[in-house]
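These notes concern the structure reproduced below.
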Protein chains: 2
Amino acid sequence: MAMQAAFAASMFPQLAQRRGSDRAVVVAPPAPVRVAMRSGGAAAAAAAARGVRCRASLIEPDGGRLVELVVPEEGGRREAARREAAALAHRVRLGRVETEWLHVLSEGWASPLRGFMREAEFLQALHFNAIRGGDGAMVNMSVPIVLPLGDAQRRAIEASGARRVALVDAADRPLAVLSDIEIYKHNKEERIARTWGTTAPGLPYVDEAITNAGDWLIGGDLEVIEPIKYNDGLDQYRLSPAQLREEFARRNADAVFAFQLRNPVHNGHALLMTDTRKRLLEMGYKNPVLLLHPLGGFTKADDVPLSWRMKQHEKVLEEGVLNPESTVVAIFPSPMHYAGPTEVQWHAKARINAGANFYIVGRDPAGMGHPTEKRDLYDADHGKKVLSMAPGLEKLNILPFKVAAYDTKQKKMDFFDPSRKDDFLFISGTKMRTLAKNCQSPPDGFMCPGGWKVLVEYYDSLTPSADSSKLREAVAA
Amino acid sequence: MAMQAAFAASMFPQLAQRRGSDRAVVVAPPAPVRVAMRSGGAAAAAAAARGVRCRASLIEPDGGRLVELVVPEEGGRREAARREAAALAHRVRLGRVETEWLHVLSEGWASPLRGFMREAEFLQALHFNAIRGGDGAMVNMSVPIVLPLGDAQRRAIEASGARRVALVDAADRPLAVLSDIEIYKHNKEERIARTWGTTAPGLPYVDEAITNAGDWLIGGDLEVIEPIKYNDGLDQYRLSPAQLREEFARRNADAVFAFQLRNPVHNGHALLMTDTRKRLLEMGYKNPVLLLHPLGGFTKADDVPLSWRMKQHEKVLEEGVLNPESTVVAIFPSPMHYAGPTEVQWHAKARINAGANFYIVGRDPAGMGHPTEKRDLYDADHGKKVLSMAPGLEKLNILPFKVAAYDTKQKKMDFFDPSRKDDFLFISGTKMRTLAKNCQSPPDGFMCPGGWKVLVEYYDSLTPSADSSKLREAVAA
């Protein structure tokens, strides 16, 4: 148990600052710092002793600096912003996905964006997957981050000549002020076609956030009144890019490699992450740190919900499948588009802003089955190809996934060896889910027992009559 | 008539080299050179006297040099290439649109492309509207220039391990050799969605060149056996980028402004072009030359065919609506996508390669009505917005169209004046076609009488029972 607690603390370093949390694993000495100093070598240790943080080695955020849009706490400024927002004539109500985007923007994941996109940014995202910054340099930006608006509200705002509107939650509480606004047409068909490469009905994000959304978009500069919280017991894992950079600096990381996921971690994933660290050490890095970064926003109904995935990830670290000393686990607050090669760029770009200079890209990243045809929506290799050529991502090192499969001879997950291909068993996500649903066990060595148990428990928690609304995640309060 | 011949010569300078042509207007002294020297000023005249051509002021082609892919005539190399092509085991037959693309590629309009796109180029065009060159710089490339291949032929080529294939015309005559080939999937839905921003049925280019095309694409490097000719009486107007650059240099142009069109020229267009030249002179240019550049490849069935448009353009210059001294008319050999903001980038990029450093962009460039909904497919302003932000086009000066309309008070086309908006009449393309079809006259001053007569003749030539195949253009022989 002491072992597990230490793992938990170094994997979730933020927990050390949250001793009042009700999570059982939070019993943590400030181990990560010590570990980092040890593995950071003599120079790093000396720097740490002087209280100097080695941030120099972290990759620069897009646009040169991290754009944080939360109003500072000092001098009652948040209260003033809240009062101003409450007094504004126009209030745009945010749904779940829009609130997740507000969260994303507020912390600078989309730096250098300063708010919901105006039309020039929207058009550049759609056509070029990149936006030209003030200095003329292109930064990657492949998915539109936009706020829909209904026609009646559009007319009211335009008639009033207002330049600022309040953004409010479902209970009409002000979350932010959007200023210097611009309202423009929301051509849904064109947006969907250019983002997904299809207009077939049944795309999860489209059904959730576009089809019934307004026919206009409103862009502008954001002032977010206070940090977005969800109060679902997981906020402690929602580290901002600045907090992650702080943590990587604290550990004296000289390379940060990010692994985006929205599924349970099996031993094939773990092998890949471990192997990546080994390769980075061979390249001469002294302290490569893994950012294990599950996506925390909207996901489709048949994905495993975030809370269960977080439990599963904890087990993977507790049981030693990944090394907690060189791993930081945090939640990436973005909603999921399932837009394949377009979206994987967003996933990579956001991690640059959090300090990652290496990005592991898998087979068919952000892909899914075609909603109406019997095939995958995207070519499985396009994600890594597009990512490796994307404008604005030149400074990021792309690490393509090696294919791992279950080696029936060695009874463990290993990199696929085509010279003895009959020894390998490929266990798809669908197969994995089916096994867990039926309370069956996967082959030994496919996933750590504790992690598998979490999955079985999750499927067990779904009664046969459960409708899809039971799968929904917590919404920001 | 002498006047007209001089106009024709300076407007179609290439005619001076083609005295054997059967076109009535070809009776030309080498006037354009004289004219150019006069208007080029003393320095230019001195340079011309020394035989030096002032090419320095022309914009650099994309990628630094014009990529021409036609096998040189010297040393029997074309005959050798033809023999080699005829002996190759695999022959891919080109349709009309593919032949037009072969023409485009062969002359360097798509520089630095060296042939039909391989997958890396295709993906970059679809996702970024731009391709990274060997030097790391982005060049604009917004429409895929690809060659479809059927499954049976794909299997045969792959089974043989061939690295080179012959490209042949409808009569099986070799046109080119494609080498170092790469075959990859033709995901039509994704290509269409990302290029047009819709997958609605009825897009003209899709119906013509994609729907029934092969499920694979074959890319590679091209050697084109000889210049592509159509033998339709218009080849003399098909100047390559190198020939256009030669002509601009000969005229000592210090600015070249391109006007892309696929419709008859009315006096509003002419006003715009004349006004542009005036503005460029005010900016300090001494000899701005207009490239009046009608699109010559595939167009939709209800557009006016190329041969009639060329007759109409001739009249516009003969009747003095445009100044032939500062105008070069030539045919742009590309097929038309009707892909709005995506395609306008291609239209602009290709003209850079031909030496244009200014590009006039209109309302809704390359746009059309939505094929299944009662609205325009694209926002009328998106074309110019996207063009002004497009990667790889930074060096091009974009000149947005001023809106011209028929001023009923002055009885002429003039720039729209919102302060007396009721005086103006907007005559749409549909309205213009309807008038011409019904042998009615437009208001005086809308179009020069000779030009209008050509249009009426064209519609008169269509018998009521004429089916759309009668509208089809000549195909390259």
Side-chain angles (χ1 to χ4, degrees), chain A residues 118-132 136-138 140 142 184-201 203 339-345 370-373 375-394, chain B residues 118-132 136-138 140 142 184-201 203 339-345 370-373 375-394:
Chain A
R118 298 190 180 90
E119 193 181 39
E121 294 157 335
F122 176 64
L123 289 174
Q124 290 178 84
L126 284 189
H127 286 275
F128 315 134
N129 290 0
I131 290 179
R132 200 178 299 277
M138 299 285 275
N140 192 268
S142 61
Y184 55 102
K185 268 179 264 171
H186 188 189
N187 185 331
K188 297 176 185 180
E189 181 191 50
E190 185 172 358
R191 175 183 173 192
I192 295 165
R194 296 197 192 280
T195 304
W196 280 272
T198 179
T199 56
L203 296 167
T342 301
E343 186 171 25
V344 71
Q345 297 171 68
H370 192 288
T372 59
E373 298 174 21
R375 61 173 176 95
D376 284 339
L377 185 47
Y378 304 107
D379 182 298
D381 290 329
H382 280 187
K384 73 172 177 229
K385 288 178 183 170
V386 167
L387 190 59
S388 70
M389 300 185 290
L393 298 183
E394 298 81 2
Chain B
R118 298 191 181 89
E119 193 181 38
E121 294 158 334
F122 176 64
L123 290 174
Q124 289 179 84
L126 284 189
H127 286 275
F128 315 134
N129 289 1
I131 290 179
R132 199 177 301 275
M138 299 287 275
N140 192 269
S142 61
Y184 55 102
K185 269 179 262 170
H186 187 188
N187 184 331
K188 297 176 185 180
E189 181 191 49
E190 185 173 357
R191 174 182 173 193
I192 295 164
R194 296 198 192 280
T195 304
W196 280 271
T198 179
T199 57
L203 296 167
T342 300
E343 185 170 26
V344 71
Q345 298 171 68
H370 192 289
T372 59
E373 298 174 20
R375 61 173 176 95
D376 284 339
L377 185 47
Y378 303 107
D379 182 298
D381 290 329
H382 280 188
K384 73 172 178 230
K385 288 178 183 170
V386 167
L387 190 60
S388 69
M389 300 186 290
L393 297 183
E394 299 81 2

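Everything quoted here is computed from the prediction, not taken from an experiment. Chain A is the first sequence line, chain B the second, and so forth, proteins listed ahead of strands; every chain is numbered from 1.
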- [ ] Report the option among A:E373, A:Q124, A:H127 that has the most heavy-atom pairs separated by less than 4.5 Å from atoms of chain B.
- [x]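 Among the listed options, the one with the most contacts to chain B is A:H127.
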
TODO: Output the option from A:S142, A:A200, A:G197, A:P341 having the highest count of non-hydrogen pairs under 4.5 Å with chain B.
DONE: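 Top option by heavy-atom pairs under 4.5 Å: A:G197.
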
Determine all donor-acceptor pairs shorter than 3.5 Å in which one atom belongs to a side chain in residues 383-390 of chain B; sequence neighbours excluded.
unit_1, atom_1, unit_2, atom_2, d
B:K385, NZ, A:E119, OE1, 2.5
B:S388, OG, B:K384, O, 3.4
B:S388, OG, B:K385, O, 2.8

Open item on the list: Looking at every heavy atom in both B:T199 and A:T199, which two are closest together, and how far apart are they?
Closed with: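 Nearest heavy atoms, B:T199 then A:T199: OG1-OG1, 2.6 Å.
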
Open item on the list: Measuring only between side-chain heavy atoms, which start at C-beta, is B:E394 closer than 4.5 Å to A:R132?
Closed with: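 Side chain of B:E394 against side chain of A:R132, heavy atoms only: contact under 4.5 Å found.
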
TODO: Using a 4.5 Å cut-off on heavy atoms from C-beta on, say whether the side chain of A:W196 contacts that of B:E190.
DONE: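 Heavy-atom side-chain distance check fails, nothing below 4.5 Å.
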
- [ ] Under 4.5 Å, counting heavy-atom pairs only, tell me which of B:R194, B:M138, B:K185 racks up the most with chain A.
- [x]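 Among B:R194, B:M138, B:K185, the one with the most close pairs to chain A is B:R194.
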
Task: Residue pair A:E189 / B:H370, side-chain donor-acceptor N/O under 3.5 Å - done: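 Yes, a side-chain donor-acceptor pair sits under 3.5 Å.
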
- [ ] List the steps and the verdict of side-chain contact (heavy atoms from CB on, under 4.5 Å) for A:N187 and B:R375.
- [x] CA-CA 12 Å; A:N187 185 331; B:R375 61 173 176 95; 3.6 Å; yes

Task: Structural part of A:N129 lying under 4.5 Å from a heavy atom of chain B - done: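 Both backbone and side chain.
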
